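Bear in mind the structure is a predicted one, so any value in this text is a computation, not a measurement.
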Amino acid sequence: MLQRIIMHVDVNSAYLSWEAAHRLQHGDPLDLRTVPSVVGGNEQTRHGIVLTKSIPAKPFGIQTGETLHSARTKCPGLLVVPPNYSLYMQCSQALGDLLREYSSLIEQYSVDEYFLDFTDSKKLFGDPIQAAYNIKNRIREELGFTVNIGVSSNKLLAKMGSELQKPDRVHTLFPEEVEKKMWSLPVEELFMVGRATAKKLQDRSVRTIGHLANADPDWLKLILKSHGLLVWNYANGRDLSLVRINRHPVVKGMGNSTTTAFDVEDRETGHLVLLSLVETVATRIRVAGYCTQLISVSLRTNEFQHCSHQRKIYTATDCTKTIHHLACELFDELWQGHPIRHLGVSASELCRNDFFQMALFEELNEKQRAFDKAIDNIRKIYGSGAVYRASFLQSGINSMSGGTGEEIEYPVMSSLL
DNA sequence: TCTGGGGTCCTAGGACCC
DNA sequence: TCTGGGGTCCTAGGACCC
């Protein structure tokens with residue numbers, strides 16, 4: 001059987017590297033990568049967490065996702081810079097463009113990760129390991145940031161390989177190297193072993209990837225259900241998934257959620273926040289040519305209690321007003337009156353909004369559809385802030401809440417992946 | 001004013017049908 | 001009438017990834 005050659009390209013400290021490269025190009029003498037620094041959200045609006053840390057920030061014990069307050073406690077001189085998502089989109093695309101020179105079989109896995117199937121590229125570019133070094137060095141010289149590249153015969157091992165030593169490195173992790181290079185790592189470093197799975201395994205003395213690889217699969221299945229077999233196969237380096245040019249052949253759902261700058265304590269404000277979320281979700285649905293058949297509302301209280309409520313709808317819709325009406329109903333049924341910190345709306349069970357389905361819409365809805373379409377067009381030309389509902393005036397709530405909390409035009413990052 | 005946002009997939013229980 | 005059991009759909013919640 002032909003052995004495939006897969007590469008995984010992972011940008012080192014992506015947001016921070018991109019921020020640093022951008023600042024250097026614009027005359028800033030300081031390279032953020034050389035000092036303890038993080039890209040962090042806005043604390044005033046309760047988005048104050050670490051998004052990415054520099055390598056010098058790591059020895060202080062700073063973790064991605066922890067509060068900026070906590071990070072500063074660990075490292076008093078910590079430099080915190082705000083995120084710039086449109087810059088990151090540009091960097092991500094520039095990286096993709098460069099990688100496409102080496103293979104047409106390429107999958108964008110996230111904003112800062114790509115898989116390349118290099119199998120057929122060997123004829124053109126020769127030895128894969130040498131090619132990986134060339135790619136890595138070209139990215140550094142031409143784009144100004146560093147990457148790690150993992151090279152193996154499947155995606156899982158390529159990804160695990162790119163995680164080995166950082167930054168600016170190429171690692172191979174072929175099946176015959178798994179025992180030597182991967183089995184000694186802590187079990188929580190295996191892809192798909194998150195906090196919950198790691199705890200269950202550690203409680204049973206499975207502490208390394210090697211322990212997991214050599215555990216009894218039936219026993220793992222008892223403890224972890226089907227997930228046990230998945231991680232057991234991964235620990236043994238087995239993965240049959242293919243590099244897919246489009247990671248999402250069909251989009252399954254689109255959602256939007258936000259942590260509000262203040263606790264929401266009344267129903268009317270809750271409904272208004274939902275409207276700002278629905279505006280974004282419904283627009284994205286329409287732009288992508290979908291209708292939704294399932295709406296879900298979720299909330300988190302100021303005590304971090306999380307709950308959600310969803311309802312199937314039997315007439316597929318892409319109408320802002322209809323979706324908002326349903327979201328408010330769900331909210332009213334769900335909310336127990338506790339102060340709310342976070343609200344979300346999600347649309348799933350998407351179907352294509354094709355020409356022939358138009359007949360399903362009633363005359364009344366036709367006017368609403370025309371209205372939505374007109375609004376979409378104005379926003380497309382003049383920006384998302386060009387038109388908004390009067391109820392947002394002086395409400396202190398963004399009229400079109402986007403996921404990043406920044407003033408970002410749609411389509412948002414995730415909708416491009 | 002300590003704790004983000006956007007996804008996918010899986011599980012489990014209850015309703016309902018035959 | 002000492003009470004099955006398979007199958008599907010709906011819903012809520014949890015786990016994982018970036």
**Q** Looking only at atom types and distance, does a side-chain atom of A:Asp10 sit under 3.5 Å from a main-chain N or O of A:Asn148, one as donor and one as acceptor?
**A**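 Flag not set: sc A:Asp10 to bb A:Asn148 has no pair under 3.5 Å.
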**Q** For C:dC10, take OP1 and OP2 only and decide whether either is under 4.0 Å from a side-chain N or O of A:Tyr314.
**A**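 Answer yes for this pair, as a side-chain N or O of A:Tyr314 is under 4.0 Å from OP1 or OP2.
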**Q** Could A:Arg369 and A:Asp318 be called an ion pair, given the rule that one side-chain N must be under 4.0 Å from one carboxylate O?
**A** yes
**Q** A:Arg46 has a side chain; which of B:dG5, B:dT3, C:dA12 sits nearest to it?
**A** B:dT3
**Q** With a non-hydrogen cut-off below 4.0 angstrom, is A:Ser70 in contact with a base, only sugar-phosphate, or nothing?
**A** nothing
**Q** Mind checking if A:His306 touches a base, just sugar-phosphate, or nothing, with heavy atoms under 4.0 Å?
**A** nothing
**Q** Between A:Lys221 and A:Gly228 (side chain of the first, backbone of the second, donor and acceptor by atom type, cut-off under 3.5 Å), is there such a pair?
**A** no
**Q** Measuring from the side chain of A:Phe191 (C-beta onward, heavy atoms only), which nucleotide among C:dC16, C:dT11, C:dC17 has the closest atom?
**A**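 Looking only at side-chain atoms, A:Phe191 lies closest to C:dC17.
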**Q** Checking understanding here: a glycosidic angle within 90° of 0 is syn, the rest anti, so what is B:dC2?
**A** syn
**Q** Please give, in whole Å, the distance from C:dT11 P to A:Ile313 CD1?
**A**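 Going from CD1 in A:Ile313 over to P in C:dT11 covers 11 Å.
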**Q** For A:Tyr85 and B:dG5, what is the distance between atoms OH and P respectively, to the nearest whole Å?
**A**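 It is 9 Å, rounded to the nearest whole Å.
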**Q** Return the 5'-most residue of the pair A:Thr45, A:Gly253 with respect to DNA chain B, ranking by each residue's nearest nucleotide.
**A**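 The residue mapped nearer the 5' terminus is A:Thr45.
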**Q** Okay, side chain of A:Glu107, backbone of A:Val243: is any donor-acceptor separation there less than 3.5 Å?
**A** no
**Q** Could you tell me if the side chain of A:Thr320 sits less than 4.5 Å from the side chain of A:Arg286, heavy atoms only?
**A** yes
**Q** Look at the side chain of A:Thr197 and decide which nucleotide, out of C:dC16, C:dC18, C:dT11, has an atom nearest to it.
**A** C:dC16
**Q** Do the side-chain N or O atoms of A:Lys252 get closer than 4.0 angstrom to the phosphate oxygens (OP1, OP2) of B:dC9?
**A**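 A:Lys252 to B:dC9 OP1/OP2: side-chain N or O found under 4.0 Å.
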**Q** Rounded to whole Å, please give me the gap between OH in A:Tyr88 and P in B:dG6.
**A** 17 Å
**Q** In whole angstrom, give the distance that lies between atom CD of A:Gln310 and atom C1' of B:dA12.
**A** 14 Å
**Q** Heavy atoms under 4.0 Å, any strand shown: does A:Ala261 hit a base, just sugar-phosphate, or nothing?
**A**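 Sugar-phosphate, backbone atoms only, no base.
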**Q** Roughly, in whole Å, what's the span from CD in A:Glu333 to P in C:dT11?
**A**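 Spelled out: CD on A:Glu333 to P on C:dT11 is 11 Å.
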**Q** For B:dG6, does either OP1 or OP2 sit under 4.0 Å from a side-chain N or O belonging to A:Ser257?
**A** yes
**Q** Pull out every residue in residues 147-175 of chain A that has a heavy atom closer than 4.0 Å to any atom of DNA chain B, ordered by number, or say none.
**A** none
**Q** From CE of A:Met400 over to P of B:dG5, roughly how many Å is that when rounded to an integer?
**A**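 Distance check: A:Met400 CE to B:dG5 P gives 16 Å.
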**Q** Please check this pair: side chain of A:Thr67 against backbone of A:Ser70, looking for a donor-acceptor N/O pair closer than 3.5 Å.
**A**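 Yes; judged by distance alone, with no hydrogens or angles, the pair exists.
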**Q** Look at the side chain of A:Ile49 and decide which nucleotide, out of B:dT3, C:dT11, B:dG6, has an atom nearest to it.
**A** B:dT3
**Q** So, A:Glu176 and A:Lys181, do they make that salt bridge, N to O below 4.0 Å?
**A**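 No salt bridge links A:Glu176 with A:Lys181.
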**Q** Scan A:Glu113 against the nucleic acid and name what it touches under 4.0 Å (heavy atoms): base, sugar-phosphate only, or nothing.
**A**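 Here A:Glu113 touches the backbone only, sparing every base.
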**Q** Show, in sequence, the C-alpha distance, side-chain angles and deciding distance for A:Arg72 and A:Glu43, and conclude whether the salt bridge (Lys or Arg N to Asp or Glu O under 4.0 Å) test is met.
**A** CA-CA 13 Å; A:Arg72 281 200 198 85; A:Glu43 288 167 294; 3.1 Å; yes
**Q** If each of A:Gly255 and A:Leu51 is mapped to the nucleotide of DNA chain B with the nearest heavy atom, which maps nearer the 5' terminus, i.e. the 5' end?
**A** A:Leu51
**Q** For A:Phe331 and A:His271, run ring-ring contact (aromatic ring centres under 6.0 Å, His included): C-alpha distance rounded to whole Å, both residues' side-chain angles, the deciding distance at 0.1 Å, then the answer.
**A** CA-CA 8 Å; A:Phe331 173 82; A:His271 287 188; 5.6 Å; yes
**Q** The side chain of A:His69 is closest to which nucleotide in this list: B:dG4, C:dC17, B:dC2?
**A**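 Closest nucleotide among those given: B:dC2.
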**Q** Ignoring backbone atoms, test whether A:Ser346 places a side-chain nitrogen or oxygen under 4.0 Å from the OP1 or OP2 oxygen of B:dG6.
**A**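 The answer is no; no side-chain N or O of A:Ser346 sits under 4.0 Å from OP1 or OP2.
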**Q** Measure from the side chain of A:Arg341, starting at C-beta and using heavy atoms only, and say which of C:dC17, C:dA15, B:dT3 lies closest.
**A** B:dT3
**Q** When you check the gap from the basic side-chain N to the acidic O, do A:Glu303 and A:Arg341 get nearer than 4.0 Å?
**A** no
**Q** Could you go step by step and tell me if A:Lys252 and A:Glu349 meet the salt bridge (Lys or Arg N to Asp or Glu O under 4.0 Å) rule?
**A** CA-CA 6 Å; A:Lys252 299 288 172 68; A:Glu349 295 196 14; over 6 Å; no
**Q** With a cut-off of less than 4.0 Å, is there a side-chain N or O of A:Thr258 near OP1 or OP2 of B:dG5?
**A**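 A:Thr258 to B:dG5 OP1/OP2: side-chain N or O found under 4.0 Å.
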**Q** Below the 4.0 Å mark, does C:dT11 have OP1 or OP2 next to a side-chain nitrogen or oxygen of A:His309?
**A**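 False: A:His309 side-chain N/O out of range (4.0 Å or more) of C:dT11 OP1/OP2.
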**Q** So, is A:Asn256 close to the B:dG6 phosphate, meaning a side-chain N or O under 4.0 Å from OP1 or OP2?
**A** yes
**Q** Select one nucleotide: of B:dC9, C:dC10, B:dG5, the one nearest the side-chain heavy atoms of A:His47.
**A**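 Out of B:dC9, C:dC10, B:dG5, the nucleotide with an atom closest to A:His47's side chain is B:dG5.
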**Q** Check whether NZ of the Lys or CZ of the Arg A:Arg238 lies under 6.0 Å from the centre of the six-membered ring of A:Trp232 and within 45 degrees of that ring's axis.
**A**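 Relative to the ring axis of A:Trp232, which defines the angle, A:Arg238 lies inside both limits.
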**Q** Picking from B:dT1, B:dG4, C:dC10, which would you name as closest to the side chain of A:Gln44?
**A**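 So the side chain of A:Gln44 is nearest to B:dT1.
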**Q** Can you check whether A:Val80 reaches A:Ser37 side chain to side chain, under 4.5 Å on heavy atoms?
**A**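 No, too far: nothing below the 4.5 Å cut-off.
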**Q** For the side chain of A:Lys155 and the backbone of A:Leu242, is there at least one donor-acceptor N/O pair under 3.5 Å apart?
**A**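 Pair found, side chain donor or acceptor close to backbone of A:Leu242.
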**Q** In residues 224-237 of chain A, which residues come under 4.0 Å of DNA chain B by heavy atom?
**A** A:Lys225, A:Ser226
**Q** Expressed in whole Å, how much space separates the P atoms belonging to C:dA15 and B:dT3?
**A**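 The answer is 23 Å between these two P atoms.
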**Q** How close or far is atom P of B:dC16 from atom NZ of A:Lys312, stated in whole angstroms?
**A**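 My rounded result for the distance is 17 Å.
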**Q** Mind checking if A:Arg300 touches a base, just sugar-phosphate, or nothing, with heavy atoms under 4.0 Å?
**A** sugar-phosphate
**Q** Hydrogens and angles aside, do A:Asp266 and A:Thr269 bring a side-chain donor and acceptor to less than 3.5 Å of each other?
**A**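 A pair is found: one side chain offers a donor N or O, the other an acceptor, under 3.5 Å apart.
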**Q** Syn or anti for B:dT3, with syn set at within 90° of 0?
**A**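 This nucleotide is in anti.
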**Q** How many Å lie between CD on A:Glu188 and P on C:dC16, as a whole number?
**A** 12 Å
**Q** Using Watson-Crick pairs (N1 to N3, plus N6-O4 or O6-N4) and G-U wobble pairs, both distances under 3.5 Å, which stems of at least 3 pairs involve DNA chain B?
**A**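 The stems that DNA chain B takes part in, listed by first number, are B:5-18 with C:5-18.
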